[in-house]
Each structure stands twice: as C-alpha cells, then as structure tokens.
Protein chains: 2
Amino acid sequence: MTDRPVLHAHAQPDMERLKGRWSDYLRRHGLKTTQQRELIVEQFLKLTGHIAIEELLARVRKRNPKVGYATVYRTLKLLTECGLAATRQFGDGQTRYEVADDIAHHHDHLICVQCSLILEFENAEIEQLQDEVAANLGGFKVVRHKLELYGLCPKAMGQKGGYCPNES
Amino acid sequence: MTDRPVLHAHAQPDMERLKGRWSDYLRRHGLKTTQQRELIVEQFLKLTGHIAIEELLARVRKRNPKVGYATVYRTLKLLTECGLAATRQFGDGQTRYEVADDIAHHHDHLICVQCSLILEFENAEIEQLQDEVAANLGGFKVVRHKLELYGLCPKAMGQKGGYCPNES
DNA sequence: CTTTTTGCAAATTCTTTGCAGCCCA
DNA sequence: TGGGCTGCAAAGAATTTGCAAAAAG
C-alpha cells in the first residue's frame, strides 16, 4: 500500500521554483512586478508554518517601512489565487496564511483523539475520489483540500471505551 | 455514483436529549431560560449542516421579529461553550455554526474559492478509504473526520482559459 | 505615455460591548 | 424584588475599497 507517513527529508522548498510560479502568474494576468510585491512574496515564501498579516507586514517593513496594510492584503490575495498561499482560520478573528508549497504533494493528517499523536499521510486514491466527487457535484475543479482524520491509535484503543460526554 | 448534495429530509428524534443538555448547562451555571434563548436553541438544534448567524436570525425572527443580533451571538456562544455547537470557518468572512452532535451523520464540504459557494456532500468510498488508510498507518481506528475541498465552481471557471479567473 | 499599483483613510463587514429597561426565578 | 437578559446603538476588529499620486512596462 502507499499509505505511509510522509517524511520531510528536504527542509528547503525550492524557492526559485515558487517564485517562478509567481512570475508566471503575474505575466499571464497582465499584472506588474513591483518592489512591494517582490518584497512581500520573498518574505512570505521563506516561511515555514503560518503567519498573520500583521506579522508579515512587520517583517516587510523592516526592509521597507512605507509598505501599507492594504498592499499586503492585496498581495496575499493574489498569492492565494495563484495557489501559492492558503488561508487558515484558528478561531481567533485573524486569518493566517501559509505557503501552499505544492498542492499536488499535499499531505493530510491523522490525529489520535486520546494521545494527540499526529501522523501525516498521502493517499492518491482518496485524492482522485475527491476530484470525482467535485466533478459530480456540478463540475467543480478541486484546487486544494484539507483532510483530518480523528481516531484512536492502537495504544490508545486498549483503554476505556466510552464516548466523551459533555463537560462544564 | 453516490455523490450528490446532502438532503436533509428528517428531523432527529434525539432533539430532546440535546435540549436536556442545554437545560442542564443553564441550570448548572445559574443562567436563565428565556423565550429568546428557547427559540434560538430550538431553531438551531433542528438543523443538519451549518448555518450563519444571519440566516439563523432570519429563521428566529419569523417567530419573533424582535430578537436582535446580539442575542443570537450570545446564545450561540453559550451553545458552543456547552459543547452543543461547533464553529466552522470556510474562508469567506462568516463564521458558521453546526450542531456538534452531528458527528454521527457527518457531511463534508466543497467550497468555491472564488464565489464562496458551499456545497455539502457525503461519499462512502472516501470514508472507507479513510478507514483503510488509518488501518495501514499502524492500526488506527477513525472516529470522525473533517474534509474540505476547495475549488472552482463551474461558473467561476467559465471565464478566461487560465488558472484562477475572475478577479473582480 | 498608459495602465497598474500604492498608501492612506474612509468604508464595510462581522462580532462584541455598554447600558437602560425588561423578564425570569 | 434582584440579578440576569434583551435590544439597540455604539464600539471594536479585521479586511476591503476609493482615489490621487507614484511606479512599472
């Protein structure tokens, strides 16, 4: 089977390749390269993990203090549209952005609800089915997805059976 | 195929159980039962799927036009705190709420990244594959999952040949 | 030169809060 | 009665937008 934990061997995503995608996107859409955009994209793509607008702006302003909020918002929107960024909501009112490194090489998560062990995995069959589902639902085209499985790891299964009733 | 929007045909018989949990919560916390709260909780618990504040308020106001936004927000917050509601973020600025007990009859989401159209679906094959994946990853047992597909709806795709069309 | 982009501030949108009066226990 | 509730409007917070000046192609 092809189900096995994803190994993160290479720490450095190919920044140049991502920048290339960015340039392509700009070109194809008749958009312009500007100092601000280059700076924001540069700072964004070098990230690992997620970031809020405010913090990204702070980093950008270290190099160019005149950049405004609106430009960061607008650039992140472009990045999202071209598939280089993805938004995450963590429940506080702030949107975070993360590098959607390579959509085709996306990994999903399996989380043990007892011990919080988290495994990452990929499964091509599931992703293909997702595409089919989307197509069947009127002709959608999936550009990315988020799949989280919550379950019991073997170790945790030995103990207790019950549900988890409400608290408070 | 079995991919089709989820139809919410029947009402659920364990509504009374959920209402019981609500009453317990109020009692234990020294909170009061009011007409507005009863009405909001009633309308909320009969849901299958997710709902935005605005729509819930609309339904509530059909029975009592004087209910205000703030009361709905405040009541949903209580419902969330007592475990009867869960919040969802789909990337448009709106928080949606769903009945937390809905886990047994789980549905997934397909979201258009351009126009924020949200469809719900169920797919048994995907869920079975999820179980298999989990089993392969050392013997996990899946108890619930969250799957969100982000894509382009046909309408959003129609324009221009490129990647992400329609930027305002 | 023309068209896009920027930065600012004002405008939106969603959600929370302050408060006087109302209601439930 | 008395402390919680409600509705309204104002306040907040995050994000978007209008516009004149600035930059890019």
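So you know, we letter chains A, B, ... as the sequences are listed, proteins then strands, and number each from 1. Since the structure is predicted, the reported quantities are computational estimates derived from the model, not experimental observations.
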Next item on the list: Using a 4.0 Å heavy-atom cut-off across all strands, classify A/Q35 as base, sugar-phosphate, or nothing.
Entry: sugar-phosphate
Next item on the list: For A/H29 and D/dA24, give me the distance from atom NE2 to atom P, rounded to whole Å.
Entry: 21 Å
Check: Given B/E81 and B/H29, is the side chain to side chain contact (heavy atoms under 4.5 Å, CB included) satisfied, shown in steps?
Finding: CA-CA 11 Å; B/E81 285 167 6; B/H29 289 253; over 6 Å; no
Note to self: Just the rounded figure in Å: distance from P of D/dG7 to CZ of B/R37.
What the structure shows: 11 Å
Notebook entry, point to check: Looking only at heavy atoms, which two atoms of A/A52 and A/R96 are closest? And how far apart?
Noted result: CB-CD, 3.8 Å
Check: Looking at B/L76 and B/A85, what are the two nearest heavy atoms and their distance?
Finding: CD1-CB, 4.4 Å
Note to self: If we check side chain to side chain donor-acceptor pair (under 3.5 Å) with B/Q128, which of these qualifies: B/Q130, B/E125, B/E132?
What the structure shows: B/E132
Note to self: Using a 4.0 Å cut-off to any heavy atom of chain A, which nucleotides of DNA chain C are the first and last in contact, reading 5' to 3'?
What the structure shows: C/dT3 to C/dC8
Item checked: ring-ring contact (aromatic ring centres under 6.0 Å, His included) partners of A/Y73, counting only residues at least two apart -> none
Next item on the list: For the helix from C/dC1-D/dG25 to C/dA25-D/dT1, measure the angle between the helix axis at one end and the axis at the other, each built from five pairs, rounding to 10°.
Entry: 30°
Notebook entry, point to check: Can you say whether the rings of A/W22 and A/Y25 are parallel (under 30°), tilted (30 to 60°) or perpendicular (over 60°)?
Noted result: parallel
Next item on the list: State, yes or no, whether a side-chain contact exists between B/V133 and A/F121 at a heavy-atom distance under 4.5 Å.
Entry: yes
Next item on the list: Just grab all the side chain to side chain donor-acceptor pair (under 3.5 Å) pairs involving residues 54-72 of chain A, residues at least two apart or on different chains.
Entry: A/E55-A/R59
Notebook entry, point to check: Between A/V99 and A/M15, is a side chain to side chain contact (heavy atoms under 4.5 Å, CB included) present by the stated rule, with each step listed?
Noted result: CA-CA 11 Å; A/V99 180; A/M15 166 94 82; over 6 Å; no
Notebook entry, point to check: Counting only side-chain N and O atoms of B/Q36, is one of them less than 4.0 Å from OP1 or OP2 of D/dG7?
Noted result: yes
Margin query: Looking at every heavy atom in both A/V142 and A/A134, which two are closest together, and how far apart are they?
Written below: CG2-CB, 3.4 Å
Filtered N/O pairs between nucleotides 11-13 of chain D and protein, under 3.5 Å:
none

Checklist line | Of A/Y97 and A/T33, the one whose closest DNA chain D nucleotide lies more 5' | finding: A/Y97
Item checked: Taking every non-hydrogen atom, the tightest pair across A/K32 and A/L26 -> O-CD1, 4.0 Å
Margin query: Closer than 4.0 angstrom, basic N to acidic O: yes or no for B/R27 and B/D24?
Written below: yes
Notebook entry, point to check: If you find the nucleotide of DNA chain C closest to B/I53 and the one closest to B/T34, which residue's nucleotide is nearer the 5' end?
Noted result: B/I53
Note to self: Using a 4.0 Å cut-off on heavy atoms, which residues in residues 55-76 of chain A reach DNA chain D? List them by number, or say none.
What the structure shows: A/A70, A/Y73, A/R74
Checklist line | Atom-pair distance (NZ on A/K77; C1' on D/dT15), nearest Å | finding: 10 Å
Next item on the list: Identify whether the distance between the nearest side-chain nitrogen and carboxylate oxygen of A/E38 and A/K19 falls below 4.0 Å.
Entry: no
